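Worksheet for the structure shown next.
Keep in mind that this is a model prediction, so the values were computed, not measured. The sequence lines fix the lettering, A, B, ..., with proteins before strands; numbering per chain opens at 1.
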Amino acid sequence: MSSPEPRARAVARLIAGTPAVVSLVGALLLTTLVMLAVGVDPGLAYPALLRGAFMDGNLEYTLAAYVPTLGMAVAFAIPFRAGEFNLGGDGQLALGGITAAALALSTGGAGSFVLPLIGAALAGALLAALSAPLHTRLGIPAIVSTLLLSVPAVSLASYLARFPLAEQGTGLAQTPLLPLAAHLPSLGASTYVTIGLPLVAVLTVLWLLADARTVPGYEIRALGANREFARYGGVRVSRLTALTLAAGGAFGGLVGGLIVLGAPYRFVDGALTAPGYTFTAIAAVLLAAGRPLAVPVTVALLTILQAGGQGMEREAGVPSQLTQIVQGLIIVIVAVAAVAKARPSRRPA
Amino acid sequence: MTTFLAAVLTATAPVVLAALGGLLCSVSGVFNMALEGQLLWGAFTAVLFSHLTGSAWLGVAGAVLCTTLYALLLSVPAVTFRADPVVVAVGTNLLALGLTAFLMRQIFGSGGTFSSPELAGLPTLAALGLDAPVAGSQSPLVPVAFLLVAAAAWWLGHARSGLRLRGIGQHAEAAESIGLRVPLYRHAAVLGAGALCGLGGAQLALGNVTLFSEGMSAGRGWVAVVAVMLAGSRPWLGLAACLLFGAAEALGFRLQGLGLPQQAADAAPYLITLLALVVVAAARRKEAPV
Amino acid sequence: MSVPAVELVGITKRFGDVTANDGVDLAVERGEVHAVVGENGAGKSTLMSILYGLHPPDAGHVLRAGTRLRLRSPADAIAHGLGMVHQRFRLFPGLSVAENVVLGAEPMRRGVLDRAAARRSVADLAERYGLDVDPGARIGDLPVGTRQRVEILKALYRRAEVLILDEPTAVLTPGEAAGLFRMVRELAAEGVSVLLVTHKLDEVLAAGDRVTVLRGGRVTGRFPTAGTSADDLVRAMIGRSLATAPTTAKKPPATTGALPTAKKPPATTGVPPTAKKPPAIAGGAPYRLEVRDLRVRDRDGVAAVGGVSFSVRPGEIVGIAGVAGSGQRELVDVMTGLRRAHSGTVLLDGRPVGGARDRRVAYVPGDRAGRATAPDMSLADNLLMGDQRGFLLGPGRVRGRAAALVERFSIRAASVRAPIAQLSGGNAQKAVLARELSRDTPVLVVEEPTQGVDVGAQEQIHALLAAARDAGRAVLLQSSELSELRALADRVLVMFEGRLTADLPVAEATDERLGAAMTGATGVRRPAGESTE
């Protein structure tokens, strides 16, 4: 209990940190190999990546991309803590976005952005919560049902944006410009960084506090660690599963609302899902390797990579899909590093 | 009606191939959710090799080879290192999406869709002299897909290695204790699934159409995962699930021609797949009340 | 004697800092039944795993009929005539008996599995050794005793000349155990060498020819069974003599009543001092727990519990005996509120138990890693479960509470923040008990409290259970160790196929009567309300 403990703890933390470090280094190494294999000079590509993320006014875009990615990370992380995979982020985003657009349009100039955002979160929550009874009552894993529900949700949003809610006379797959009152206020002089940033930041902090310091947070962790243990301990498993999925879906829907209520202030079909926030966020959460406090940091890392990828494409002619490759590799390496870390502690009985 | 049936078979074949691979893995005790990415990779490599060699059959061979190799990305982490196959699959699916889009731009110089007159597609059975009402318009890989289901059903029941694979999936420790090398069988199952996905991807890109477009697997790998969940270890049941999906896709396509929005046609296969899953799960629940 | 059938020479095996085997020598003659005894963690299982090729030794080697073997896998061991029946059966539940037996050495005809030949040879083998098994039955449908016969058939089919039996009687009734040992003697007479791993000394003395005792990974004694007493073995096993020995070390030797040479139990057994005190409150007090005509159906719709009624008074420990899978688990699930009964009621102080986990019932599950703990969560988080209330939860408070329990129940743990999986079996079990006893509940339900627990912790756990009883709790104790039930319980109920087949005061709970009830012989005393399905 005295002096050796802090040191032991520090060492433990160091070891716990390794999978993330190993994964990142491993993924960068493999990426460099990919670059070399296709004839790209890493000496040009990496500086271009950094410039693309930070320089020439790009920091604003990077910051703007950080908000939805962080939100989607929490959308994945909340159910993940309870042992459920929410792969339906795209559907939750799209449904939240179109709901926000519909509400903003229908309330006209009188409304503010508050109601559309609440509606967006509710829409995402409802969609994700559908997967809960499918798991707890029918044994269909959430990883499958969230994904299967996601595509129809994206299709529905796309249909609404193209037909009932479409801007008349343009032939574009988008809604009309939303009324000014519903536009999210910008932060400072920026066009793209809005009050969505502090909003998502505050909600993320609330989640982190709930996870570490509340009874539901404890019960969710127990559920994820051992479902039967939680049931034995009196945790209402079905209700809590539904709650985590709904909470995750609410984050997804909210992010959809935030995107639509920011520039260019309309729902553009495909614009929410095209940047791949959902899977960047999943990679970030997996990279955080079970430590929620690390999530904002891993999200920042991958957002920089993602945003920098655009710069790399412009300057060095490297397709920005390279960042997707890196994310995929990170996830695979994280999965291996996680067991490699766990293994020595287990010995045969 | 015959054109509809033909459309069903065409839509079903790639899913059947992927699902058969997933089923072999599931029988061996590995949950394979990497089918989606492998189908996509198979489609890309099929187009790549067909384009490079001018031969559709070399395209098929290239896809089978490359996708088997790609499956190592699942089999080595999941079988050798015992990493969580679900997490690994999420990674390899994402990787396939990025890698195909990236290589497409690097090699073909453009994104989106690649198609070229030099790209050789698979011949139809009719062109090979096997004309029959529904089958004539299909590529030779379609009957191959259905024959492989029959072969797998027989193999699991009657061959020594099939019995062993089933045993390994039911109780790996028991298999180890009688001297079976469990990882060997599991690697074989996962790599075999890779080969089947390569075949499925080739059918998708060189049989159903003759082009590659980004994300063209379009959820078929996930439908295959669901088919595996429905089938348990019975290949025929898996085939039935895939046919249901194929019918939904063909029907959606047809209804689209009658004025139904394209989005409904896109969503239909997923909703029908989910519905089938719900119905079967509910029936199983009723059979066995807790 | 001639060259030993199998010989282990100087076997040493370490796992991390733990030395499981330390220079162990062991020779088994042809046709000999050689017992290997020792406490939990003495290194018996590791030694057998090495012999069967599951782990490579760090030092030492194995000789088979004088020839040195390189055992890299069980396949090598099988090829050299070794066979093993694991404590936890290694069978494929969805395959048939014949498929299970031949798998790995399948008869083939023209490149195809020859199912007919497989069935035939399994039927022949079963008949030759008098084992009653249907080759076509699916393993998942068979009772535990039959599954063990399939395991033995598996080894015999592979022509095993050295047969390792790891705790073979753990899942058997006394009658079945007697049958097993008759067969073991028969095999030995045919020249098969049998290695019998067990912690039950009466079995050793009854069925073995020679005994090797392990303690802390080393050999601490070698005896011929003739002329050796249980006391000699205990001294070698625990390094103390019987008089001061704790409970399980000197199980009252009569657990397998059918064995001819079982000795009379020593007069005072290792029962905790409080155990035989007459119950403090039990006498005329009203029942605290009443179970009335309880019926539970399992997944296949078969009655797992078919009409069970009994009652427990405050200050009483009621034991439940029975072969594994007789409905005990389902009964306990209903009594703790974790499963719904099909019909019937469980009343606690007159109010029904049901729905979700009932907070009035403290419960120590038998499945430690699967239900009682979340192995990867910290000790503090594990100690909290069941006591989480309200909304806010300060990490300091959680750890403080855990530290207090660790202190009070003398749990040995490096830190309450470390995963509970790092604790030894005994300390993890004490942690579970600490958590459950710390809440002041009227009823305590305990399953297999000392399974996989070292001797020292067993003693403490028994004392804790006795103390809970003395504090006036109604205690239900399910155990497969008859000696444990006799040491602690006031009454023993026996379950068979979901029904109660006996309800005996502990003084009348002899091995013969319990054994008969465990195999379904009713009439010992038919509890009221019990009926046949």
Answer yes or no: does atom CZ of A:Arg231 have more than 12 heavy-atom neighbours from other residues, nucleotides or ligands under 6.0 Å?
-> yes

Name the region of B:Pro77, side chain, backbone, both or neither, that has any atom closer than 4.5 Å to a heavy atom of chain A.
-> both

In terms of heavy-atom proximity below 4.5 Å to chain B, should A:Leu134 be classed as side chain, backbone, both, or neither?
-> side chain

Counting heavy-atom pairs under 4.5 Å to chain B, which of A:Gly317, A:Ser145, A:Ala335 comes out on top?
-> A:Ala335

Would you check if A:Phe279 and B:Leu97 make a side-chain contact, meaning some heavy-atom pair closer than 4.5 Å?
-> no

Any chance you could measure A:Leu147, atom CG, to B:Thr273, atom OG1, to the nearest 0.5 Å?
-> 11.5 Å

Note: A:Val339 and B:Arg82 closest approach over all heavy atoms is CG1-O, 3.3 Å

Contact part of B:Met229 toward chain A, heavy-atom cut-off under 4.5 Å: side chain, backbone, both or neither?
-> side chain

Is there side-chain contact between A:Leu138 and B:Val278, with at least one heavy-atom pair below 4.5 Å?
-> yes

Between CG of B:Asp266 and OH of A:Tyr159, what distance do you get to the nearest 0.5 Å?
-> 13.5 Å

Would you check if B:Leu95 and A:Gln324 make a side-chain contact, meaning some heavy-atom pair closer than 4.5 Å?
-> no

Point-to-point distance, once rounded to the nearest 0.5 Å, from CZ of B:Phe102 to CD of A:Glu313 = 10.0 Å

Side chain to side chain contact (heavy atoms under 4.5 Å, CB included) with A:Leu148: of B:Ile272, B:Val225, B:Leu274, only one passes, and it is B:Leu274

Going by the side chain to side chain contact (heavy atoms under 4.5 Å, CB included) test, name the single residue among A:Val332, A:Leu286, A:Val334, A:Ile282 that passes it with B:Val87.
-> A:Leu286

Do you know the tightest heavy-atom contact between A:Ser158 and B:Gln263?
-> OG-NE2, 3.2 Å

Which atom pair, heavy atoms only, marks the closest approach of B:Gln106 to A:Pro319?
-> NE2-CD, 3.0 Å

Please say whether more than 12 non-hydrogen atoms of neighbouring residues, nucleotides or ligands are located less than 6.0 Å from CZ in B:Phe108.
-> yes

Please look at A:Ile330 and chain B and tell me whether the side chain, the backbone, both or neither of the residue comes under 4.5 angstrom of a heavy atom of that chain.
-> neither

Could you check which of B:Asn93, B:Leu103, B:Val90, B:Thr100 has the highest count of heavy-atom pairs closer than 4.5 Å to chain A?
-> B:Val90

Student check: side-chain heavy atoms of A:Val151 and B:Trp222 closer than 4.5 Å | no

Gap separating the CG atom of B:Leu94 from the OG1 atom of A:Thr280, nearest 0.5 angstrom = 7.5 Å

Nearest heavy-atom pair of B:Ala267 and A:Pro152: which atoms, and what distance?
-> CB-CA, 3.7 Å

What part of A:Arg162 is in contact with chain B, defined as an atom under 4.5 angstrom from a non-hydrogen atom: side chain, backbone, both or neither?
-> side chain

